[in-house]
Amino acid sequence: MPVVINGSGTITGVDTGKVLQVVQTVKKDVFSEAISAGGISADITGLTVSITPANASNKIFLMANLSLGSSATSMTFYKGGSLLSDAIGDAANKSYDGSALRRLAFSQSGGSYDARDLMGTFNDTAGGTSAITYSIRLHMIRSDQTETAYINRGRDDDEYHSAYPLMARYISTFTAMEIAA
């Protein structure tokens, strides 16, 4: 919003960039889903945020930090059940088999069964003043097999957290901040 000095000398628009509200969801339990080759999961249960913007022009800054157990999984943000298409890669980026790799963030596990951080941010435009629900879904990048992806644990169910810290239980967070336009 531009700074405006009206006829009475009042200045408006100086609150641009101010954080108006913050909503966060913390997920402590485990989510798992078998995702088919090239498929998409359901919304990650318990990891959605709902925010009601004060102004349609305001920005909603999204931040996700997932603890992910999967060998080749990406994440994308959804807004009201629809893919937030501005928050994914260019369809011109092709994989080895010619399919488009459009994703917000990607993680490939360094070990075969441990968990890794998967983080992503995006600045969306509110587009209205009704409540907006944002969610996260996982995409299986592998085109050759179905794989179970896990949130808040590695692919191995062992909880040897003292000997193998990458196999412990974790938390994941999803945060939405409304920023004045």
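Sequential numbering from 1 along the given sequence is applied to the chain's residues. Computed over heavy atoms, backbone and side chain alike; hydrogens, waters and symmetry mates excluded.
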side-chain hydrogen bond (donor to acceptor under 3.5 Å, both in side chains) between Thr125 and Lys59, intermediate numbers included: CA-CA 5 Å; Thr125 299; Lys59 298 294 184 181; 2.7 Å; yes
Determine, using ring centers only, whether Tyr150 and Tyr170 are less than 6.0 Å apart. no
Quick one: pull up OG1 in Thr52 and CD in Gln21 and give me the separation to the nearest 0.5 Å. 7.0 Å
Are Ile60 and Met177 close enough that some pair of their side-chain heavy atoms sits under 4.5 Å apart? no
Using a 3.5 Å distance criterion without hydrogens, assess whether the side chain of Asn152 forms a donor-acceptor pair with backbone atoms of Leu68. no
Shared ILVMFWY cluster between Ile136 and Val23, side chains joined below 4.5 angstrom? yes
Give, for atom CD1 of Ile179 and atom CG of Asn58, the distance between the pair rounded to the nearest 0.5 Å. 8.5 Å
Examine Val19 and Ile51 and state if one hydrophobic cluster contains both, with Ile, Leu, Val, Met, Phe, Trp and Tyr joined whenever side-chain heavy atoms are less than 4.5 Å apart. no
Once you round to the nearest 0.5 Å, how far does CE of Met75 lie from OG of Ser41? 12.0 Å
Residue pair Thr16 / Ala181: nearest heavy atoms and the distance that separates them: OG1-O, 3.5 Å
So do the side chains of Ile40 and Ile35 get within less than 4.5 Å of each other, counting heavy atoms only? no
So do the side chains of Thr173 and Thr25 get within less than 4.5 Å of each other, counting heavy atoms only? no
To the closest 0.5 Å, what do you measure between CZ (Phe77) and CG (Leu83)? 11.5 Å
Just wondering, do Pro53 and Ile132 contact through their side chains at under 4.5 Å, heavy atoms? yes
Distance check, rounded to the nearest 0.5 Å: Leu66 atom CG versus Leu138 atom CG? 7.0 Å
Looking only at non-hydrogen atoms, find the nearest pair between Ser36 and Thr146 and report the distance. CA-OG1, 3.4 Å
When you measure from the side chain of Asp43 to the backbone of Thr45, do you find a donor-acceptor pair of N or O atoms at a distance under 3.5 Å? no
For Ala64 and Phe174, which heavy atoms make the closest approach, and how far apart are they? CB-CD1, 3.9 Å
Checking side-chain contact (heavy atoms from CB on, under 4.5 Å) against Asn65, which of Asp117, Thr121, Ile171, Thr175 comes through? Asp117
Within the structure provided, determine whether Ser70 and Met140 are in side-chain contact (heavy-atom separation under 4.5 Å). yes
Nearest atoms (heavy-atom pairs only) where Leu47 meets Ser172: CD1-O, 3.9 Å
If every non-hydrogen atom of Ala126 is compared with every non-hydrogen atom of Asn55, which pair is closest and at what distance? CB-O, 3.8 Å
Taking the side chain as every heavy atom from C-beta outward, state whether Lys27 and Asp29 have any atom pair closer than 4.5 Å. yes
To the nearest 0.5 Å, what is the distance between CD on Glu33 and CZ on Arg137? 10.0 Å
Phe122 and Tyr134, any side-chain heavy atoms less than 4.5 Å apart: no
Whether the Thr73 and His139 side chains hold a donor-acceptor pair (N or O, under 3.5 Å, no angle test) is what I'd like checked. no
Checking Leu62 against Leu84 for the side-chain contact (heavy atoms from CB on, under 4.5 Å) test, could you report, in this order, the C-alpha distance in whole Å, the side-chain angles of both residues, the deciding distance, and whether it holds? CA-CA 11 Å; Leu62 302 170; Leu84 193 53; 4.1 Å; yes
